[in-house]
Amino acid sequence: MTPRYRYPCTFQKACFVLWAVRDMGWSQTQAAIEIGLNVGTVCHVVHRRRFPSAYPMPMPMPDF
């Protein structure tokens with residue numbers, strides 16, 4: 001049996017999705033790839049079916 005991979009979505013990732021799609025103008029597909037979520041999950045977040053209280057919040061910059 002092939003293992004099923006999961007794309008866990010947290011409140012923080014939902015906020016990142018809203019920031020990426022609404023503020024930065026990314027497509028839902030690009031946001032899904034960059035944040036590491038399933039495209040369907042991103043769609044649900046954008047249309048407020050999941051995490052309806054989420055708000056756009058920029059992703060933190062990585063420390064190099």
Side-chain angles (χ1 to χ4, degrees):
M1 185 169 157
T2 306
R4 296 181 72 184
Y5 295 101
R6 299 191 59 133
Y7 299 95
C9 185
T10 62
F11 181 80
Q12 187 175 19
K13 283 188 178 183
C15 293
F16 295 160
V17 165
L18 291 176
W19 171 76
V21 173
R22 295 192 176 170
D23 293 347
M24 297 301 293
W26 293 3
S27 68
Q28 291 182 12
T29 303
Q30 182 182 2
I33 292 168
E34 296 292 332
I35 298 171
L37 294 173
N38 184 309
V39 178
T41 302
V42 170
C43 179
H44 284 198
V45 170
V46 169
H47 292 287
R48 303 295 189 166
R49 293 183 200 123
R50 292 184 70 180
F51 300 103
S53 62
Y55 52 90
M57 179 176 62
M59 292 188 295
M61 297 301 293
D63 295 330
F64 293 106

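Closest non-hydrogen pair, T41 versus C9, comes out as CG2-CB, 3.7 Å.
Taking CZ of R50 as the start and NE2 of H44 as the end, the distance is 8.0 Å to the nearest 0.5 Å. The line from CD of Q12 to CE of M57 is 4.5 Å long, rounded to the nearest 0.5 Å.
Checked against side chain to side chain contact (heavy atoms under 4.5 Å, CB included), F11 has the following partners two or more places apart in sequence or in another chain: C15, F51, S53, A54, Y55.
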Could you give the side-chain donor-acceptor pairs of residues 16-29 under 3.5 Å, partners two or more places apart or in another chain?
unit_1 : atom_1 : unit_2 : atom_2 : d
R22    : NH2    : V46    : O      : 2.8
S27    : OG     : Q30    : N      : 3.1

